[in-house]
Amino acid sequence: MGFLAFLIVPLLILGISGILFIYREVVRLMSRSAMKNKVVVITDAVSGLGKECSRVFHAAGARLVLCGKTWEKLEALHDALISVADPSVTFTPKLVFLDIGDIHTIQEVGKEILDCYGCVDVLINNASMKIKGPAHSVTLELDRKIMDANYFGPITLIKAILPHMISRRTGQIVLVNTIQGKLGVPFRAAYAASKHAIQGFFDCLRAEVEEFDVFVSTISPTFIRSYHVQPQPGNWEASIWKFFFRKLSYGVHPVEVAEEVLRTVSRRKQEVFMANPVPKAALYVRTFLPELFFAVVATGVKEKHFAEEEK
């Protein structure tokens with residue numbers, strides 16, 4: 001009896017793990033089947049995440065329209081996708097030149113995108129521009145450039161595509177955002193402001209287009225790390241601030257985000273937050289204990305300045 005009791009726990013763990021694995025595989029297969037023949041537009045398709053999204057949606061049988069501002073990289077991505085694809089179950093991607101920060105050309109690009117297949121089923125807004133520095137040292141010109149790339153550009157493209165989705169009474173608009181659309185991090189004021197703006201736009205848009213059966217989704221990782229870069233070691237135990245940012249530094253891999261984008265689209269999720277428990281807790285602290293949150297952030301800024309003075 002004692003031996004059987006000893007075996008129960010590992011067998012139970014093994015059984016639960018097997019069930020979870022089967023469940024994930026079923027969800028993954030269902031997500032892929034749901035994308036068959038769908039027209040999917042991906043902005044900044046040549047970025048790390050853009051390439052992974054292109055890969056998973058192409059393998060799922062979607063009709064891709066890949067957008068980017070470097071034509072040579074778009075062609076290289078096109079060749080890479082078709083070289084490993086089964087032509088009997090996939091479609092050859094179409095390529096569209098798009099600089100999301102060039103507001104004056106986006107309306108025409110929107111028409112070009114619609115001309116590819118006559119409609120758009122899913123629009124994935126992936127393009128983004130980053131900047132880091134003290135708020136007072138960032139010029140207004142650069143502030144505007146960030147807002148064009150991260151806010152005005154995406155909403156201009158959405159406004160070019162959305163009327164066609166409304167008229168067809170179907171479609172989905174996806175935003176790959178960041179934790180900084182929820183809370184601000186020092187020395188990223190312009191970037192955080194642009195991400196707050198686009199998050200607010202999507203929250204409003206979601207309610208406005210629901211009656212037309214157009215779905216709006218946002219996916220917010222802490223940040224999307226590169227393929228090979230790992231967080232740098234350091235004396236993170238010195239303060240709460242450093243502990244918090246150590247957790248933030250463990251970004252999400254592009255492959256993980258791309259798979260989540262596929263699940264979000266197929267299951268029509270409204271909002272997804274990809275982060276470990278510490279950033280999630282920070283959001284709750286920011287909401288319910290704002291004075292504590294601001295104090296921790298301010299302490300981190302003071303420590304940074306003190307460290308720079310000691311050098």
Side-chain angles (χ1 to χ4, degrees), residues 49 124-135 146-147 149-151 154-155 173-208 210 215-226 231-232 234 236-265 267-304:
L49 175 58
I124 300 174
N125 293 275
N126 171 56
S128 181
M129 179 180 177
K130 299 177 182 177
I131 184 174
K132 180 180 179 182
I146 292 290
M147 289 298 294
N150 295 352
Y151 178 69
I155 72 167
I173 302 173
V174 180
L175 170 69
V176 180
N177 206 18
T178 170
I179 187 177
Q180 294 186 62
K182 295 287 189 178
L183 56 83
V185 177
F187 307 110
R188 293 168 178 82
Y191 179 70
S194 68
K195 291 302 183 177
H196 273 71
I198 194 70
Q199 181 71 44
F201 179 87
F202 267 68
D203 288 346
C204 295
L205 183 66
R206 181 182 293 112
E208 293 177 16
E210 183 178 0
F215 294 87
V216 172
S217 305
T218 58
I219 302 168
S220 300
T222 47
F223 77 94
I224 302 168
R225 63 182 170 89
S226 65
Q232 293 296 319
W236 296 102
E237 291 73 23
S239 68
I240 297 175
W241 166 261
K242 290 182 179 180
F243 174 76
F244 171 63
F245 269 89
R246 184 188 185 193
K247 294 300 182 181
L248 274 184
S249 68
Y250 287 90
V252 188
H253 197 280
V255 173
E256 296 177 62
V257 183
E259 293 290 348
E260 181 55 53
V261 172
L262 180 63
R263 285 192 296 270
T264 297
V265 171
R267 299 169 68 178
R268 292 179 171 176
K269 299 179 185 179
Q270 292 184 334
E271 187 172 52
V272 176
F273 188 54
M274 300 182 71
N276 60 51
V278 172
K280 288 182 179 179
L283 287 178
Y284 285 105
V285 174
R286 169 65 179 84
T287 302
F288 298 108
L289 297 169
E291 291 184 0
L292 174 61
F293 177 82
F294 296 144
V296 171
V297 172
T299 300
V301 174
K302 291 175 184 176
E303 287 185 2
K304 181 178 187 300

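Position 1 is the first residue of the sequence; numbering continues from there. This one's a predicted model, so the numbers in the text were calculated from it and none came from an experiment.
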Looking only at heavy atoms, which two atoms of [X] and [Y] are closest? And how far apart?
| X | Y | answer |
| --- | --- | --- |
| A190 | I146 | O-CG2, 3.7 Å |
| A135 | A189 | CB-CB, 3.9 Å |
| V252 | M274 | CG1-CE, 3.6 Å |
| M147 | A197 | CE-CB, 4.1 Å |
| S128 | Y191 | OG-CE1, 3.8 Å |

Under a 4.5 Å cut-off applied to non-hydrogen side-chain atoms, are V185 and L183 in contact?
->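 When only atoms from C-beta onward are counted, L183 and V185 do touch, with a gap below 4.5 Å.
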Margin query: For a 4.5 angstrom cut-off between non-hydrogen side-chain atoms, does V272 reach S217?
Written below: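 A side-chain contact under 4.5 Å is absent here.
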Quick one: does any side-chain atom of [X] pair with a main-chain N or O of [Y] as donor and acceptor, under 3.5 Å?
| X | Y | value |
| --- | --- | --- |
| T222 | A275 | no |
| R206 | Q270 | yes |
| N150 | M129 | yes |

- Message: Out of the candidates T218, I179, I219, only one should pair with F273 under the side-chain contact (heavy atoms from CB on, under 4.5 Å) rule; please name it.
- Response: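 The option that passes is I179.
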Charged N-O contact under 4.0 Å between E260 and R267: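 No salt bridge links E260 with R267.
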task = Give the C-alpha distance, both sets of side-chain angles, the deciding distance and a yes or no for side-chain contact (heavy atoms from CB on, under 4.5 Å) between F202 and N125.
result = CA-CA 11 Å; F202 267 68; N125 293 275; 3.9 Å; yes
| query | How long is the span from the CZ atom in F288 to the CG atom in L283, to the nearest 0.5 Å? | reply |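 Nearest 0.5 Å value for the CZ-CG distance: 10.5 Å.
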* Only one of E271, H196, K182, Q199 passes side-chain hydrogen bond (donor to acceptor under 3.5 Å, both in side chains) with N177; say which it is. =>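 Going through the options one by one, the only one that passes is Q199.
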- Under 3.5 Å, is there a donor-acceptor pair linking the side chains of K195 and S220?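 Result is no, nothing qualifies.
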